[in-house]
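Just so it is clear: chains get the letters A, B, ... in the order the sequence lines come, proteins before strands, and each one is counted from 1.
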Protein chains: 2
Amino acid sequence: MNWQMLQFDWAKARAFFATAETGSLSGAARALNLAQPTVGRQVEALEQELDVVLFERIGKKLLLTPAGLDLLEHVRTMGEAAQRISLIASGHSQTLDGPIRISAGEAVSAFLLPPILRRIRTEHPEIEITIIATGTQSDLQMREADIAIRNAQPTQNDLIARRTPDRMAGLYAKTTYLEEIGHDLAKADFIGFEGSQNMAAALTERGFAISADQFRILSEAHLVQWAYVKNGMGIGLMMNEVANADPEISRVAPDFEPAVPMWVLAHREVKTSRRVRVVYDLIVEALS
Amino acid sequence: MNWQMLQFDWAKARAFFATAETGSLSGAARALNLAQPTVGRQVEALEQELDVVLFERIGKKLLLTPAGLDLLEHVRTMGEAAQRISLIASGHSQTLDGPIRISAGEAVSAFLLPPILRRIRTEHPEIEITIIATGTQSDLQMREADIAIRNAQPTQNDLIARRTPDRMAGLYAKTTYLEEIGHDLAKADFIGFEGSQNMAAALTERGFAISADQFRILSEAHLVQWAYVKNGMGIGLMMNEVANADPEISRVAPDFEPAVPMWVLAHREVKTSRRVRVVYDLIVEALS
DNA sequence: GAACATTTATGCATTTATGCATGAATTGGC
DNA sequence: GCCAATTCATGCATAAATGCATAAATGTTC
């Protein structure tokens, strides 16, 4: 075996990769948790080491040279391999002590997870939990989270998925609001996600004549929607168990009760980690 | 894009790779031009960083754990990508100043290359040439050399190959030796490569009754063979132009004149390097 | 079983790399 | 066209990694 190929510093390749991907030294520095001058010097050193100009310094902008473009392709495969390494390594970790990241929607994060986290906190205080309550479904493949709770069956087949009993949801509003509009749903404002106007059709099917333009407040942030509902500004969707816990909130159109499927997901590789397994099992148990 | 995957130090992955491949920290240190304690600490740091035990320290031997085995696979793809990077980077290098490695057989290295190298030396003194005169054909793929001179058509299709006129070879011996044995080839000792006894068959076809056991001195080192010939210890094979230059050497069996094909090879990627191109063209020109 | 050759681990001086603070140049928005 | 926000480059103090020398342990060979 020849080792010439290993002569150049892989850390510098990483700096180059991040710089090319983010488009700037500063961006790369943020991504790598390094200082900007460090990344700059590493890239510069790589250029000297490989005797190749990677970036064209035109003004403050960095533009990849043809050579840099050629190399980027292969550095990217290095990066993909590195990604798998960190993934698989996590799976082999058998220490309970350490961080774990859970991704879930806002409502789940705010209302369902707290008791579960409290239990984990008492039973395994050495586990450091981070909640990623992003609206967009975070990518387990890209390792933004170790465990994800989603409302749809996953399509990726390298994920371990466990379905827990469906949550039931319904339309809710503040009791005083309903009295205001005389319980006439035709007069009501609706609060929903962007694109949820087609829910109007589903309601019309059930005998409620709701038009799409009654959806006046649209937000991707479920908790924001709920805040509007609790402020008596309209009718919104919420899981029953959450809404029922609030005495000022009343149900609207009880026949309309969509089921919210719940899937607890983890990477096949990462699931073998003891820490992930413990948390995963606890979440599944608590949600069942 | 998520950058978690880039968090761990790629340089440590390299140390792990080299250690796993060579089987020891010392070996990896030699391969990477590092000190042995450095490699040891890097591997140790990687284990902490990934929270995984990579090697089982059984006495002085390092044994890969299952986790290490799992990770090695992906570190290897990192290494292969790194190899391509250094390869392609060389191809993009446009500076004449720098090292270049030429691989050739012993006879070619000793007799054909010197005038060529002298010319390169005068025309481009900034190029540092290294000759790898290994018997085994060095692997251009593995980048042991930038340019190779071989005697067979290459099979790899990612190599640039240029055939130069065949060299003619023949059997030679010291003149005094031939007188000693009365020019009777049946009494002569033959000197050849291991496995070249089947040359006896080729000679017999041409009317020389040579038996395989007349090959008494076998060596993979062509120059060693030639030294024996020049010492009057037997008959050996040599390129005509080399043998003819020696007044003490006479030809044996002039009808037997095998052609030695000559191929000048370089990587497709590397050939685009100005330095390689210059040397390559000079070699091809000089051999033509 | 003893001598030898290799291997890994440790302590310490030195080199090297990194981060921070700052300045200069450029871009983008209003 | 100006202001604010980024961006990259430089100098310097500090932190970190590296190499060397050496010890300890193990495998090998005669």
Side-chain angles (χ1 to χ4, degrees), chain A residues 1 3-4 6-65 67-69 71-72 75 82, chain B residues 1 3 6-65 67-69 71-72 75 78 82:
Chain A
M1 158 90 67
W3 298 99
Q4 294 290 119
L6 299 175
Q7 289 305 31
F8 79 93
D9 190 344
W10 290 13
K12 290 165 188 165
R14 183 179 69 137
F16 165 59
F17 179 43
T19 305
E21 290 289 325
T22 62
S24 76
L25 298 174
S26 313
R30 282 189 294 270
L32 301 177
N33 278 333
L34 294 175
Q36 165 262 321
T38 301
V39 177
R41 284 183 286 235
Q42 282 187 352
V43 172
E44 200 175 354
L46 183 67
E47 287 183 321
Q48 288 196 354
E49 206 163 326
L50 297 181
D51 191 18
V52 160
V53 179
L54 297 170
F55 294 103
E56 200 73 46
R57 271 84 167 176
I58 182 120
K60 287 298 172 191
K61 271 295 182 210
L62 296 183
L63 195 69
L64 271 170
T65 61
L69 213 58
L71 293 184
L72 175 59
V75 178
Chain B
M1 157 91 67
W3 298 99
L6 300 174
Q7 287 308 29
F8 79 93
D9 190 345
W10 290 13
K12 290 165 188 165
R14 183 180 68 137
F16 165 57
F17 179 43
T19 304
E21 289 290 326
T22 63
S24 76
L25 297 175
S26 311
R30 281 190 293 270
L32 301 177
N33 278 332
L34 294 174
Q36 165 261 320
T38 301
V39 177
R41 283 183 288 235
Q42 282 187 354
V43 170
E44 199 176 353
L46 184 66
E47 287 183 320
Q48 288 195 355
E49 206 163 326
L50 296 180
D51 192 18
V52 159
V53 179
L54 296 171
F55 293 104
E56 202 72 47
R57 272 81 168 175
I58 295 273
K60 75 154 194 177
K61 269 294 184 209
L62 295 183
L63 195 69
L64 272 170
T65 61
L69 215 57
L71 293 183
L72 175 60
V75 178
M78 277 189 85

Visitor: Ignoring backbone atoms, establish whether B/Thr38 has a side-chain N or O less than 4.0 Å from OP1 or OP2 of D/dG19.
Guide: yes

Visitor: Examine distances only and state if a side-chain atom of A/Gln42 and a backbone atom of A/Arg14 form a donor-acceptor pair shorter than 3.5 Å.
Guide: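 Checking the backbone N and O of A/Arg14 against the side chain of A/Gln42, no donor-acceptor pair under 3.5 Å is found.
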
Visitor: Give the rounded distance in Å between these two atoms: CZ of A/Arg41 and P of C/dG19.
Guide: 9 Å

Visitor: Rounded to whole Å, please give me the gap between CZ in A/Arg30 and P in C/dC20.
Guide: 14 Å

Visitor: Do A/Gln36 side-chain atoms and A/Leu25 backbone N/O form a donor-acceptor pair below 3.5 Å?
Guide: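 Checked: no pair found.
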
Visitor: Measure the distance from CD on B/Gln36 to P on D/dA24 and round it to the nearest whole Å.
Guide: 16 Å

Visitor: Starting at CG of A/Leu63 and ending at P of D/dC8, how long is that distance when rounded to a whole Å?
Guide: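 About 13 Å, once rounded to whole Å.
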
Visitor: Counting the atoms with a prime plus P, OP1 and OP2 as sugar-phosphate, which does A/Gln42 contact under 4.0 Å by heavy atoms, base, sugar-phosphate, or nothing?
Guide: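 The answer is sugar-phosphate, as A/Gln42 gets under 4.0 Å only of primed atoms, P, OP1 or OP2.
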
Visitor: Starting at CG of B/Leu34 and ending at P of C/dA17, how long is that distance when rounded to a whole Å?
Guide: 12 Å

Visitor: Taking only side-chain nitrogens and oxygens of B/Ser26, does any of them come within less than 4.0 Å of OP1 or OP2 of C/dT6?
Guide: no

Visitor: Just the rounded figure in Å: distance from P of C/dA9 to CD of B/Glu44.
Guide: 7 Å

Visitor: Okay, side chain of A/Glu47, backbone of A/Leu54: is any donor-acceptor separation there less than 3.5 Å?
Guide: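 Indeed, once roles are kept as given, a pair shorter than 3.5 Å links the two residues.
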
Visitor: Using whole Å, what does the distance between atom C1' of nucleotide D/dT18 and atom CZ of B/Arg14 come to?
Guide: 13 Å

Visitor: Which whole-number value in Å describes the distance from A/Asp9 CG to C/dA17 C1'?
Guide: 11 Å

Visitor: Run B/Phe17 and B/Met78 through side chain to side chain contact (heavy atoms under 4.5 Å, CB included) and show every step you take.
Guide: CA-CA 9 Å; B/Phe17 179 43; B/Met78 277 189 85; over 6 Å; no

